[in-house]
Structures are given as C-alpha cells and as structure tokens.
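Along the sequence shown, residues are numbered consecutively beginning with 1.
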Amino acid sequence: MGLDFTAVDFETANGKRASVCSVGMTKVRNGKIVDHASWLIKPPHGFTTFAERNIAIHNITEADVANAPSWVESAARIRDFIDNDIVVAHYAPFDKSVWRQASEWSGVDFGDFLWICSRDLAKAHLGLEDCSLPSVADSLGITGLDHHNAASDAAVCAQIVLALAQRAGVSSWVDLDTVTPRKTALSPSGRPYSSEPSIKKGDLPEPNLDADPTNELFGQGLTITGGFELLGRREAFQLAASFGANVQLSTTRKTTILVICGENPHAPGFDLSRGTTKARKAYEYITERAQKIRIMSETEFYIAVGMAPPSMLEANRIDAQITRPLSPHISSSTQESIAVPANNGNGIDDPASTATTDPINSDVPRLAPQNSGVPSRTQPLDNFQSPVSTHPRINSASETRTPSSPRRTVSRVAFVAMAWILAIATVFALLCTAAGYSFDAAAGTTFLVFSVILGTGCFYAFRAAKRK
C-alpha cells in the first residue's frame, strides 16, 4: 500500500478542546496530494465563547462562525472526506481530543480511525529540539505556511510526511514505519518517556488570583505525573493556573495536589510508593513528614476544570462507588494524620456533597453516588465552575495533627535550652581565645569539641522529636 492518508488540523475558540471552530484537511493518494477541504465550524453549545488569546492566534471570531455549520453536520462531512484513510496530524493528541470532545458533547460518533503524529515522525527522523510545525517545515524547506490557518496547517502537515518519506527513500507506511527510529529508553518507573515538548520552570503560568476561590484547585500547589489522554502537559498547567492553582514541575514541600494520569490512583491495588518519581516523592512526604497531599485522578482534574464529557462524568460516578482508598499502602501511623473529609479541597465543607460509608471499608467516607450540580450535555460550560467530583483519598484539607504530650513538650524545651547554652558557651570560648585570655589549651580544645558535638547532637535530636 502506498502513502495514502488524510492530514487534519483543528482550531478552537478557547482553551476547551470541545470548542472546535475550524477544520482543514488534505488528502494524499499514493504519495501525491489530490484534494483539500476546509471550513469554519460553529462550536458545540456551551463552548461558543471565543477567548482573546485564541482570536489573536487564528483571527476567527464569534461573528465569523455565526452562520457556520454545527459540529454535528461537520463531523459527518469530515468522516465522509476521510473515508477509511489513516488520519495524520501535527501533534495528533490535540486534534484527536478536539474531535473526541466535540463529538462527546454533541452526541455524535467519534469514529474509529488510525492516528499518526507527524510531529513524532519528524522528531524521530530529524532529531530537532523544536518540533513545532513552523520549525519542521523550515528544516525540510517547505514554504507557504500560514500557521494556525487550519487549511494551511493540514497541507503543510501532509507535505512534512511526504518529505520525510522521500528523505528515507520509502513510498509506503509499512516501509516508513520500518525505517523510523524509535526511542526505547524507559523512565525509572518503567514507563516510556513523554514525546511532549519539555517545559521549563520559566514556562510555568502564574496563578489567576481572580479565579473563583471556591474551586477545588484555587490556591493549591499542583503538580502532574503521567500523560493526559485529552490534554497536553503545557495546556493542563495553563488550565490549572487559570483556576488559581500554583503549578509545579515536581513534587515539593509546597505540593498539595498530585494529579496522576494514565491510571486510577483510587483503584484497588494501586501503590503510590511504586509509582513515578513524583508519586514516590509524594508518598515520602505523606508518610515521613505528615504533609497533606491530595491524590487526584485524571478524571477528577477534568471535572475540576469543567471539561469532562458526559460519558466521563458517568464513568466517574460509577467508579466512585467501587474504588478503594490509598490507605492500605500507607503506614498505619500516617493514616492517623490523613483525613478524607467530604469537602471541596480547600477545607470548605461542601453541602452538596453527601458523605456515606464504604460497605467494605466502613471507616472510609465517600460521596453519595450522585452528580448534583454537574452540567448536563446541554448546560453551557463557558463560565462553569465544577463542584467536587469524588472524595479526596488524601486531601490537602486534612485534620490538624494531635497536640504534643506534656512530656514531649518538656523534652523539646530541654533540647532547645541545652543547644542554646552550649552554643553560647562555644561562642564565649572563641571570644576569650581571640582576646588573648590564656587558659589551658588542652582544656579549651576539649571544651570546644565537646560543645560542638553535644550541640549538634541536641539539634538533630530536637529535629527528630519535632518530626514525630
């Protein structure tokens, strides 16, 4: 079979993937471009707001799509154009999720297509650090790109695949797959490294201080581990920050929410201590430092930012009734300082969330199987602030730690007093020596060494007592 495929590109009205507003397609037959198609799309109901940032990127406004076909009509036309082709897109996870989300919210069939990412192909063949569409096009000598014009992006995407095949001297998908270099190295957790563009600390967005303070992400220190199904890592950080979260690249002492993607952290048998590096770090902070960190699933994150389609909401409702807490994998002493209240993640009790008891783990509260306040398919999400999805298994709003006993308090005071006394004595001895006062050198040296050793011991003993 020759190189037959259809290149696709979508543009969106705002940060939500379902807000599709434009499509561009280029059809290739036997290694030759034979057809093009593109048109504006009226976003599905509830996703019609055009963000200024998006308008600045693609110059499409709400007035432009006022009389455009709906996604229901567009989806049928797109499927007819593609037919049984392989679908190619530059950074395919984005375009695939746009199609899926728009279809979910519009109640139409998503379709079963084989997707190939031209960005991944370019990265494997060219070894570029920047694999954006303009950068790859420049490196291959492809001109005429009008970036973020869906028709132009799709056409250049098709040309990139054809150029890569020509460079490799192949003329079929089978041969191109055979000669495509693959990165086989795995991360320490045994998972493949992500192909997403790397994010540096300076790229992290600032939290939106004007966001709704009742949202469960507001004011939280949030980090992400694993790859999202419907989002890129950079876009997920931007969404979280728009809801007031302080996003982080790694698990730190300031982390209060860890989003785990790719697997359900609330499922029976999930072990936080055997997860990714960030998950293991969170486990260490929880068990050894009594840090309060909520473990959030990918679905819960989607609900928190108001972009979960109805099928995901239903699956999450059912999943909330059968999942088990993380506590079996956390030491019993730690469980005493980790609470799972039915609240909104900010320590504010949520009257809409009714806590019940798990029939198997009778001491573990969970939310009643309901979705009151969760938007229906016809409810707009442009300004929607999501309620709490499921109860937090490890919540940042945990109960306060039990006050220290009188004996422990006395011990701490004694340690501090001893450390200060020895420190003052050491400084005094040093000052005497510097001033030229003569005293037995051996006795002075012994005193100094003894003071330093004992003072250091008292300091670390105090730290250990404080941690306990």
Among Ser19, Ser103, Ser106, whose side-chain hydrogen bond (donor to acceptor under 3.5 Å, both in side chains) with Trp71 holds? Ser103
Per side-chain contact (heavy atoms from CB on, under 4.5 Å), Leu3 is matched among Asn30, Leu162, Val170 by Leu162
Run the side chain to side chain donor-acceptor pair (under 3.5 Å) check on Thr180 and His125 step by step: do they pass? CA-CA 6 Å; Thr180 298; His125 282 270; 3.0 Å; yes
For Ala154 against Thr26, the heavy-atom pair lying closest together: C-OG1, 3.6 Å
Results of salt bridge (Lys or Arg N to Asp or Glu O under 4.0 Å) for Lys27 - residues two or more places apart only: Asp85
Heavy-atom pair with the smallest gap, counting every atom of Ile160 and Leu133: CD1-CD1, 3.6 Å
Just to verify, which of Asp177, Ile116, Leu126 counts as forming a side-chain contact (heavy atoms from CB on, under 4.5 Å) with Leu121? Ile116
The test is side chain to side chain contact (heavy atoms under 4.5 Å, CB included); show your working for Ser74 and Trp39 and say whether it passes. CA-CA 9 Å; Ser74 296; Trp39 61 87; 3.1 Å; yes
Think Lys281 forms a cation-pi with Tyr285, using NZ or CZ under 6.0 Å from the six-ring centre and within 45 degrees of its axis? yes
Those residues at least two apart in sequence (or on a different chain) that pass salt bridge (Lys or Arg N to Asp or Glu O under 4.0 Å) with Arg167 are none
With distance as the sole test, does Ser152 use its side chain to make a donor-acceptor pair with the main-chain N or O of Asp146 at under 3.5 Å? yes
Let me see the working for Glu11 and Cys21 under side chain to side chain contact (heavy atoms under 4.5 Å, CB included), right down to the final yes or no. CA-CA 6 Å; Glu11 300 297 328; Cys21 65; 4.2 Å; yes
Parallel, tilted or perpendicular: which describes the rings of Trp99 and Trp115, with under 30° parallel and over 60° perpendicular? perpendicular
Over all atoms of both residues, closest heavy-atom pair of Thr48 and Glu62: O-CD, 4.0 Å
Gln248 and Gly221: which non-hydrogen atoms are nearest, and at how many Å? NE2-CA, 3.8 Å
Please name the pair of heavy atoms, one in Phe218 and one in Ala211, separated by the smallest distance, quoted to 0.1 Å. CE1-O, 3.6 Å
Quick check on side-chain contact (heavy atoms from CB on, under 4.5 Å): which of Leu222, Asn246, Thr223 does Thr255 satisfy it with? Thr223
Closest non-hydrogen atoms of Asn208 and Ser242, given as atom of the first, atom of the second and distance, are ND2-O, 3.1 Å
